[in-house]
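Below: one structure, written as structure tokens.
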Amino acid sequence: MKIGFFELEGWEESLIRERLRGEEMLLSQDKIDEITLPPRTDFDIISVFVDSRITPKVLEKFPNLKLIAARSTGYDHIDVAACRKRGVSVAYVPGYGDNTVAEFAFGLILNLSRKIYYAIDQIKESDSFDLRGLRGMDLKGKTIGILGTGRIGKEMIKIAKGFGMNILAYDPFPDQDLAMKMDFRYMPLEGVLVRSDFISIHCPYNKATHHLINGKNINIIKRGAYLINTARGGIVETDALVVALKSGVLAGAGIDVLEEEGETKDEMKFLSKGKPTAMELRTMLQNHILMNMPNVLITPHNAFNSQEALARILSTTLDSIKGFINGQPANLVPEG
């Protein structure tokens, strides 16, 4: 099999060569998108990380492709429907960093609730030890609303219990046995938004969750609450988020993901693709507004980024590729 790995950092190469000994491979640090294509495209299998964009146009350039192995849990950067039309299977990593992402999300919660970032920045920038404006709030006794009670959501519940928080949850497929075992309560989305002091998003991004938090429901959020998003940017409508932060509906936000975040990172490539839509330009502008708001902490899609989690990602991806080569596909993106 001819296999291409893209968006590598370098440390992965020895393990890849050991696990896939005998296969013809290209190991590259470059990403793949409609503008950036590799010098060869005759691969049977490619593996990509989150900054690649596999569109129908990109797929046309890989005539022999049989499998795309995404080194991520999310796969919205891959046009799965277009892949299926061309007979290309798509594998993903069902779970790798449940505790990793949950720990990061709570890091954002602690930073916002106790003004940790602002205190450190004040000392570094002005040598000031003035406590004015740095008074925070306890987490004990506060209510956290967790949107999505899958692998990461469950880890969030465990951590929140350790802080002595009251826990509400929203999930379209509630697990009442889990709720009884872990002592939390499921509610409709609106009920969670109205009652929570902190709202943390841990659901997948799909048609059903696109703009789950939007201009119609963001204003019912308990005034002064904090919103944490370490899932996917498109789950929150950017325009609505900016308005809620400016109006005081939200006291602050901790955001590891942005709508159109790839384009926000690289506007010149975004603009070179052709005429952007008004909505795309508006979202990009609102992202930049968020970056400069004093009550917003933005991190660069970093919640997954621990050495242990990355090792688990690579191991699962190699299992998927080996299984596919041996006629036993594993970790394929589910239908529907």
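The first residue of the sequence shown is numbered 1, and numbering continues consecutively from there.
- By the rule that hydrophobic residues join a cluster once side-chain heavy atoms approach within less than 4.5 Å of another member, Leu110 and Ile146 end up as members of one cluster.
- For Ala179, the side chain to side chain contact (heavy atoms under 4.5 Å, CB included) partners are Gln176, Phe184, Tyr186, not counting sequence neighbours.
- Side-chain atoms of Asp138 do not come within 3.5 Å of backbone N or O of Lys140 as any donor-acceptor pair.
- Sequence neighbours left out, the pairs with a member in residues 159-172 that pass salt bridge (Lys or Arg N to Asp or Glu O under 4.0 Å) are Lys161-Asp183.
- Taking the side chain as every heavy atom from C-beta outward, Ile220 and Glu190 approach each other to under 4.5 Å.
- Looking at every heavy atom in both residues, Ala240 comes nearest to Ile218 through O-CD1, 3.7 Å.
- Cluster membership check: Ile321 shares its hydrophobic cluster with Met25, using side-chain heavy-atom separations under 4.5 Å among Ile, Leu, Val, Met, Phe, Trp and Tyr.
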* side chain to side chain contact (heavy atoms under 4.5 Å, CB included) evaluation trace for Val249 with Val243 -> CA-CA 8 Å; Val249 169; Val243 172; over 6 Å; no
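- The shortest distance between side-chain heavy atoms of His211 and Glu259 falls below 4.5 Å.
- Rounded to the nearest 0.5 Å, atoms CD1 (Ile213) and CG (Leu241) are 10.0 Å apart.
- Here the CD1-OG distance, from Ile157 to Ser200, works out to 10.5 Å after rounding to the nearest 0.5 Å.
- Note that the CD1 atom of Ile235 and the NE2 atom of His202 stand 10.0 Å from one another [nearest 0.5 Å].
- When all heavy atoms of Thr317 and Ser47 are compared, the closest pair comes out as CG2-OG, 3.6 Å.
- Among the candidates Ile201, Ile152, Asp256, the single residue satisfying the side chain to side chain contact (heavy atoms under 4.5 Å, CB included) test with Thr230 is Asp256.
- Leu112 and Met293 fall into different hydrophobic clusters, where Ile, Leu, Val, Met, Phe, Trp and Tyr residues are linked whenever their side-chain heavy atoms come under 4.5 Å apart, directly or through other members.
- Leu332 CG to Ile68 CD1: the interatomic distance, rounded to the nearest 0.5 Å, is 12.0 Å.
- For the residue pair Val80 and Tyr75, the shortest heavy atom distance occurs at CG2-CD1, 3.8 Å.
- Counting only heavy atoms from C-beta outward, the side chains of Leu310 and Phe304 approach each other to under 4.5 Å.
- Rounding to the nearest 0.5 Å gives a distance of 9.5 Å between CG of Asp51 and CG of Asp33.
- Nearest heavy-atom pair across Ala253 and Leu245 is N-CD2, 4.0 Å.
- The neighbour count for Arg135 CZ, taken as heavy atoms of other residues, nucleotides or ligands under 6.0 Å away, does not exceed 12.
- Distance alone, capped at 3.5 Å, is enough to place a donor-acceptor pair between the Thr73 side chain and the Val93 backbone.
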* side chain to side chain donor-acceptor pair (under 3.5 Å) between Glu7 and Ser52: does it pass, once the steps are laid out? -> CA-CA 8 Å; Glu7 300 179 83; Ser52 289; 2.6 Å; yes
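- Sorted by first and then second residue, the pairs that involve residues 64-79 and meet salt bridge (Lys or Arg N to Asp or Glu O under 4.0 Å), not counting sequence neighbours, are Asp44-Lys66, Asp76-Arg232.
- Residues Lys31 and Phe6 are not in side-chain contact: their nearest non-hydrogen atoms beyond the backbone lie 4.5 Å or more apart.
- Annotation: side chain to side chain contact (heavy atoms under 4.5 Å, CB included) contacts of Leu37 (sequence neighbours excluded): Ile32, Val58, Lys61, Phe62.
- Using a 4.5 Å cut-off between side-chain heavy atoms of Ile, Leu, Val, Met, Phe, Trp and Tyr, with links allowed through other members, Tyr117 and Ile255 fall into different hydrophobic clusters.
- Using a 4.5 Å heavy-atom threshold, the side chains of Ile78 and Tyr92 count as separate.
- Taking 4.5 Å as the limit, some side-chain heavy atom of Leu27 sits within range of a side-chain heavy atom of Arg17.
- The shortest side-chain heavy-atom distance between Cys83 and Leu59 falls under the 4.5 Å cut-off.
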* Step by step, would you call Tyr226 with Met137 a side chain to side chain contact (heavy atoms under 4.5 Å, CB included)? -> CA-CA 12 Å; Tyr226 292 88; Met137 61 189 291; 3.9 Å; yes
* Asked: How far apart are the C-alpha atoms of Tyr118 and Asn111, what are their side-chain angles, what is the distance that settles it, and do they pass the side chain to side chain contact (heavy atoms under 4.5 Å, CB included) test?
  -> CA-CA 8 Å; Tyr118 308 109; Asn111 261 287; over 6 Å; no
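- Distance alone, capped at 3.5 Å, is enough to place a donor-acceptor pair between the Ser306 side chain and the Ala309 backbone.
- In this structure, Thr316 contributes its side chain and Arg312 its backbone to a donor-acceptor pair below 3.5 Å.
- Not a single donor-acceptor pair under 3.5 Å links the side chain of Asp239 to the backbone N or O of Val242.
- Side-chain atoms of Asn326 never come within 3.5 Å of backbone atoms of Gln328 as a donor-acceptor pair (strictly under, hydrogens ignored).
- When the side-chain hydrogen bond (donor to acceptor under 3.5 Å, both in side chains) test is applied to Asn305, the partners found at least two apart in sequence or on another chain are Asn302.
- Ile159 and Glu103 make their closest contact through CD1-N, 4.1 Å (heavy atoms, listed as atom of the first residue, atom of the second, distance).
- Of all non-hydrogen atoms in Ser72 and His77, the two that sit nearest each other are OG-CE1, 3.4 Å.
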* To do: Just do the side chain to side chain contact (heavy atoms under 4.5 Å, CB included) check on Thr143 and Lys222 with the steps written out, would you?
  => CA-CA 11 Å; Thr143 297; Lys222 181 178 180 181; 5.9 Å; no
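- Atom CG of Asn229 and atom CD1 of Ile199 lie 11.0 Å apart (nearest 0.5 Å).
- Ion pairing of Glu155 with Lys158 is present here, as a side-chain N (NZ or NE/NH1/NH2) and a carboxylate O approach within less than 4.0 Å.
- Residues Leu297 and Leu139 share a hydrophobic cluster, clusters being chains of Ile/Leu/Val/Met/Phe/Trp/Tyr side chains in contact below 4.5 Å.
- With sequence neighbours excluded, the residues satisfying side chain to side chain contact (heavy atoms under 4.5 Å, CB included) with Val192 are Leu147, Leu168, Tyr170, Met187, Ser196.
- Side-chain contact between Glu23 and Ile45 is absent, with no heavy atoms from C-beta onward closer than 4.5 Å.
- For Phe198 and Phe163, the gap between ring centers reaches or exceeds 6.0 Å.
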